[in-house]
J.: 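Encoded as structure tokens, here's the structure I'll be asking about.
What you see is a predicted model, and the numbers here were worked out from it, not measured in a lab.
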Amino acid sequence: MLRFFTLSLFITFLSSASFSQDLRNRLGRTYVNADSVDIIFELEKKNLHSANDSGIYYFFVAERHNRAFENQLAHELFLKSASLLDPEETNDLISLCYIRLNRLEANSGNWDQALLYSQKGLENATVGLDSNYIGYALLDISVVYHDMEDYAKGVEYGKKAHELLTRFSQANPTFVAFSLNAIGINFDDWDMPDSALFYHYKIFDNIDKLDSSRISFTFNNIGNTLLKQEKYKEAQSWIQTAVQLNMKDGDDYSLAANYTNLGTIAYKLRDFSKANMLMDSAFKYVERSQSTEKMRDYLEEQYRFHKAKGDLSAAMDYLEQYSSLKDSIFKEERIKTLGELEAKYQVQTKERELAESRAEVVEHELLAKNRNNQILLLVVFLLIIMGVAFFIYYRQKTKNRHLEQEAKLQQIYAEQETQKQLHEQRNRISSDLHDNIGAQLTFIVSSLDNLKFFELSKEKMAGKIDQISAFTVETVNELRDTIWAMNKDNISLDDLQTRLAGLISKAKVACPHVNFELEIQDELEKDLLLNSMEGVNYFRVAQEALNNAIKHAQADQIKIVFSRNKGHIRVCISDNGKGIDQAGIGNGLGNMRNRAERIGRELKIDSVLGQGTQVCIF
């Protein structure tokens with residue numbers, strides 16, 4: 001009963017997990033089907049069977065509001081989703097909730113809350129043993145410290161993230177790039193441009209594994225560092241590449257940084273008109289992104305821009321706005337909160353390391369207690385393995401002996417079968433010699449004997465002798481072909497082709513006005529084998545059809561084609577002669593049909609009067 005209950009729970013768990021994954025896949029369509037988002041959410045709201053399903057649902061609803069910059073609603077729904085999601089099934093979505101919450105707070109300049117959510121994400125990923133999202137939480141902390149202008153800590157956490165991800169064999173390449181970016185931007189604003197460029201350029205080591213649109217920030221950040229080194233033209237090229245990538249994705253946050261940097265380059269080059277237009281564009285994207293960080297950077301550059309062109313009144317106005325915003329970010333109590341969060345993180349890290357150390361000690365003690373039992377079990381296991389191995393060896397040896405005996409018997413049987421086939425083949429050839437060559441020689445002898453009983457004129461006598469001579473030549477040729485076949489156990493297609501080519505070459509000498517053609521189609525292998533009886537009869541049929549076309553058809557085009565037909569060779573002899581009357585088929589065509597039947601093949605004759613004839617054996 002207990003086993004049945006456990007199995008039922010396991011099946012229920014699998015079904016639930018499978019349904020949740022399907023729900024997640026279906027809700028994922030909201031990213032690409034903008035016109036159907038409301039319909040998808042309405043339909044899927046009816047399919048929520050657990051708290052985890054609701055957590056998945058609210059995550060995608062929150063994503064929709066996040067894309068629409070409805071930050072407060074997105075914030076509430078990400079928190080709700082994280083509270084409902086099951087860490088056993090959808091731990092990665094919980095991590096994503098905290099990543100989104102970090103971004104929302106960071107964009108609003110709430111660095112203490114942003115850091116709090118990064119640490120919650122770190123705790124969640126650590127419990128779930130998810131190295132990718134542990135690394136992501138660490139690099140998010142690095143970025144928060146960068147935005148708070150604590151670059152030393154920013155570099156420290158960025159390097160922790162990068163070290164962890166590079167040790168992990170299944171690390172997400174994009175996350176590795178993000179960690180390098182976090183280190184680079186901290187070094188950049190820490191006034192260490194060479195170190196910044198080193199880490200930014202390092203991102204391109206894995207460019208073949210990355211989507212360029214996901215690392216568009218790298219192009220801007222390299223440009224930003226080069227700008228500070230007063231390499232304006234080079235910086236401008238990198239930043240314009242970033243603009244092109246971010247325009248495709250509609251990334252307002254990144255475009256705000258891009259245009260602020262381009263405006264800075266323009267006023268540094270004393271092109272104030274262009275700088276003014278670029279700063280206007282930057283302000284548009286700053287407002288759209290709703291990012292406090294980007295507004296801070298924009299106001300600082302506006303102050304410097306107006307100061308550079310001598311508009312001190314406007315410069316002071318922007319400086320006041322910049323100072324006010326910066327003061328709101330760096331309030332004393334916020335810095336204190338950040339310190340407390342940092343201390344809490346360090347304590348948690350130490351406690352986790354201590355717990356892991358204690359677990360290792362307990363584990364070693366257990367290993368020491370169980371070592372003797374394990375050795376005993378290992379000895380017993382080895383004895384069992386040796387026994388099983390001996391049994392398998394003995395059984396395999398006996399099986400191999402039986403197989404060897406069976407192979408010898410099969411070899412003897414195959415040899416006997418081969419001898420039987422050769423004997424039958426020779427009998428067929430002997431019969432062919434007796435029936436055909438014997439009969440033809442008897443006819444020649446009889447014809448010669450009959451000549452002495454007739455008183456014929458010289459011309460008629462010469463005609464009779466010519467007929468007997470031609471018949472004798474034909475008999476000799478047939479005898480040669482039969483001997484050719486008897487001398488071979490098998491006749492290859494290449495042999496048959498060569499024999500017919502010789503026949504055609506003789507025919508060309510006798511009939512120079514006729515165009516002969518011999519074609520072997522590509523699907524036939526040249527080493528395809530026929531037995532000698534098949535080979536000689538294929539040749540005889542082709543020879544007879546060729547002779548008929550030359551003597552009777554009055555053709556000027558004769559073609560022999562070899563092709564494949566259901567595992568057999570198909571030979572067709574076609575001409576463009578006058579055709580034949582099927583009702584009046586003579587001995588020659590009858591002989592061809594007999595030869596085909598003798599080797600179990602069919603003979604087909606297609607002819608239309610005045611349009612030629614085709615004879616096929618297959």
J.: Establish, from distance only, whether the side-chain atoms of Glu76 and His65 form a donor-acceptor pair under 3.5 Å.
T.: no
J.: Can you confirm whether Leu23 sits close enough to Leu48 that some side-chain heavy atom of one is under 4.5 Å from a side-chain heavy atom of the other?
T.: yes
J.: Thinking salt bridges, do Arg26 and Glu44 make one under a 4.0 Å N-O criterion?
T.: yes
J.: Inspect the contact between Arg103 and Asp140 and indicate whether a charged nitrogen and a carboxylate oxygen are less than 4.0 angstrom apart.
T.: yes
J.: In terms of relative ring orientation, are Trp190 and Phe187 parallel, tilted or perpendicular, with 30° and 60° separating the classes?
T.: parallel
J.: Using the rule given for side-chain hydrogen bond (donor to acceptor under 3.5 Å, both in side chains), can you reason through Asn224 versus Asp188, listing the C-alpha separation, both sets of side-chain angles and the distance that settles it, and then say yes or no?
T.: CA-CA 8 Å; Asn224 186 57; Asp188 177 72; 2.9 Å; yes
J.: More than 12 non-hydrogen atoms from neighbouring residues, nucleotides or ligands closer than 6.0 Å to CZ on Phe381, yes or no?
T.: no
J.: Is it the case that the side chains of Asn220 and Asn261 hold a donor-acceptor pair, with the cut-off being a distance below 3.5 Å and no angle test?
T.: yes
J.: Taking only Lys NZ, Arg NE, NH1 and NH2, and the carboxylate oxygens of Asp or Glu, determine whether Glu301 and Arg304 approach each other closer than 4.0 Å.
T.: yes
J.: Answer with yes or no whether the side chains of Gln321 and Tyr303 bring together a donor and an acceptor at under 3.5 Å.
T.: no
J.: Ignoring hydrogens and geometry, is there a side-chain-to-backbone donor-acceptor pair from Ser323 to Glu320 under 3.5 Å?
T.: no
J.: Please find the pair of heavy atoms, one from Ala242 and one from Ser216, that lie closest to each other, and give the distance.
T.: CB-O, 3.6 Å
J.: If the test is ring pair (Phe, Tyr, Trp, His ring centres under 6.0 Å), which one of Phe283, Phe305, Tyr285, Tyr322 qualifies with Tyr298?
T.: Phe283
J.: Is there a donor-acceptor pair closer than 3.5 Å between any side-chain N or O of Ser237 and the backbone N or O of Glu234?
T.: no
J.: Out of Phe59, Tyr98, Tyr117, which one pairs with Phe78 under the ring pair (Phe, Tyr, Trp, His ring centres under 6.0 Å) rule?
T.: Phe59
J.: Could Asp271 and Lys309 be called an ion pair, given the rule that one side-chain N must be under 4.0 Å from one carboxylate O?
T.: no
J.: List the steps and the verdict of side chain to side chain contact (heavy atoms under 4.5 Å, CB included) for Phe60 and Ile40.
T.: CA-CA 11 Å; Phe60 284 98; Ile40 293 172; over 6 Å; no
J.: To the nearest 0.5 Å, tell me how far Asn52 CG sits from Leu85 CG.
T.: 5.5 Å
J.: Going from CG on Leu77 to SG on Cys97, what distance comes out if it is rounded to the nearest 0.5 angstrom?
T.: 10.0 Å
J.: Do any N or O atoms from the side chain of His306 and from the backbone of Gln302 form a donor-acceptor pair under 3.5 angstrom?
T.: yes
J.: Give a yes or no on this: more than 12 heavy atoms of other residues, nucleotides or ligands lie within 6.0 Å of atom NZ of Lys228.
T.: yes
J.: If you look at every heavy atom in Asn132 and Ala171, which pair is closest and at what distance?
T.: OD1-CA, 3.3 Å
J.: Check whether the side chains of Gln236 and Tyr232 place a donor and an acceptor atom closer than 3.5 Å, and report yes or no.
T.: no
J.: Charged N to carboxylate O under 4.0 angstrom, Asp38 versus Arg64?
T.: yes
J.: Check whether Thr90 reaches the backbone of Asp86 with its side chain - one donor and one acceptor, N or O, closer than 3.5 Å.
T.: yes
J.: Is the distance between the ring centroids of Phe178 and Phe217 under 6.0 Å?
T.: yes
J.: Do Asn71 and Asn107 have side-chain N/O donor and acceptor atoms under 3.5 Å apart?
T.: no
J.: So, Tyr57 versus Phe41, ring centres under 6.0 angstrom or not?
T.: yes
J.: Would you kindly check if the NZ (Lys) or CZ (Arg) of Lys160 is within the cone defined by 45 degrees around the ring axis of Tyr157 and under 6.0 Å from the six-membered ring centre?
T.: yes
J.: Could you go step by step and tell me if Asp130 and Ser95 meet the side-chain hydrogen bond (donor to acceptor under 3.5 Å, both in side chains) rule?
T.: CA-CA 9 Å; Asp130 190 333; Ser95 293; 5.4 Å; no
J.: Classify the side-chain pair Thr218/Asn181 by whether it contains a donor and acceptor separated by less than 3.5 Å.
T.: no
J.: Can you confirm whether the side chains of Tyr31 and Glu63 place a donor and an acceptor under 3.5 Å from each other?
T.: yes
J.: Using the benzene-type ring in the case of Trp, are the ring centres of Phe204 and Phe219 under 6.0 Å apart?
T.: yes
J.: Is it true that Thr260 and Asp297 share a donor-acceptor pair across their side chains at a distance under 3.5 Å?
T.: no
J.: Stepwise, does the side chain to side chain contact (heavy atoms under 4.5 Å, CB included) test hold for Leu255 with Asn258?
T.: CA-CA 5 Å; Leu255 287 167; Asn258 299 156; 3.9 Å; yes
J.: What heavy-atom pair brings Leu138 and Ala161 nearest, and what distance separates the two atoms?
T.: CB-CB, 3.7 Å
J.: If every non-hydrogen atom of Thr126 is compared with every non-hydrogen atom of Leu122, which pair is closest and at what distance?
T.: OG1-O, 2.6 Å
J.: If we count only N and O atoms by modelled type, under 3.5 Å, do the side chains of Asn124 and Asn91 hold a donor and an acceptor together?
T.: yes
